[in-house]
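Here the structure comes first, spelled out in C-alpha cells, and everything after it is commentary.
Owing to the predicted nature of the structure, the values given are computational and were not obtained by experimental measurement. In this chain, residues are counted from 1 in sequence order. Just so you know, ligand 1 is whichever comes first in the structure, and atom 1 is the first atom listed for that ligand.
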Amino acid sequence: MIGCDCEVCTSANPKDKRLRSSIMVQTKYTTVVVDTTPDFRYQMLRLGVKNVDAIIFTHPHKDHIAGLDDVRAFNFHTKKPMEVYANYLTEEALRRDFYYAFSDTKYPGIPEININTISNEPFTINDLIIEPILVWHLKMPVLGFRFGPFTYITDANRIEDDEKEKVKGSKAMVVNTLRKKEHISHYNLDEAVALVQELQVPNAYFTHISHQLGLHDAIENELPTGIHLSYDGLMLEF
Ligand SMILES: [Zn+2]
Ligand SMILES: [Zn+2]
C-alpha cells in the first residue's frame, strides 16, 4: 500500500510483494487473462507473454479493469481486436471508462476491443470451456469462472447454494481473502477457509490479499492442509 511502512509493506520476502489480482489460464491452444488490473502491463511484461486470445472480466471495479488500455500492444502484434468477455454490468463500465476505444472517430494507437456479452451460461474460447459462477460482492453480482478442474473466484463475500454446486468437484480453487477482520464485501480468512471446507475442494489458494492479512509465511503456517496463500507468479498445472 502506498505510503505504508507496516511489516508486510516493508517485507523483503517476494511473496509479500503483491500486485493487483489477476490470473492467466493456458491450454495447448488458448491463452486467456481474467481481469486487466492497473498492473496488467507489468504483469504481461514480467512473464514475457506474447499472445493473449481473450480477456474475461469478473466485475467492473477499477482494480479489475483499469489496465485494459494496454491490450493495444497485443492489437499491434496480431492486427486484430482483443476479444473481451464481460457481463452487461462490466460492459457498461468498459464503454464508459474506455469511451475513446468505442467512438466512431478513432485516432491511431487506441486499443481495439471486441466485446462479447456473457451471462451466467457456459461459453467457449477455442478449446477452453468456461462456466461462469455468480457470486456476490456485497450487492454487486460478480462472475467467478470454472475452467474444468480449476475454479477462480475473486471479490466475493457470498455465494448462493445453486452456484456453490458449480464449484464442487474442482481439484483446486482460488478465492479472495482480504484480511482476518470482517469486511463488507470480501471474505475474511475464516470465511474463506469455511467456504473451501464446505465445498470440499482439496486444494485452495487465497488471493486479493490486503497488507492487513499479515506476512505470507506466518499466515501460510496457520492454514489447514490443502489451503494456501497464493503469491504473484504462482503456477498450477492440471
Ligand atoms: Zn471489487
Ligand atoms: Zn478487487
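- No side-chain N or O of Asn51 forms a donor-acceptor pair with one of Thr31 less than 3.5 Å apart.
- Side chains of Asp127 and Thr27: a donor-acceptor N/O pair is present below 3.5 angstrom, by distance only.
- In the model, Asp5 has no side-chain atom that pairs as donor or acceptor with a side-chain atom of Thr10 under 3.5 Å.
- Defined by atom type and a distance below 3.5 Å, a donor-acceptor pair is present between the side-chain atoms of Asn114 and Glu83.
- The aromatic rings of His59 and His61 lie perpendicular to each other, with more than 60° between the two planes, well past the 30° mark.
- Here the protein contributes Asp63 OD2, His64 NE2, Asp155 OD2, His208 NE2 as N, O or S atoms under 2.8 Å from the Zn ion (ligand 2).
- Classified by interplanar angle (parallel below 30°, tilted 30° to 60°, perpendicular above 60°), the ring pair His186/His208 is tilted.
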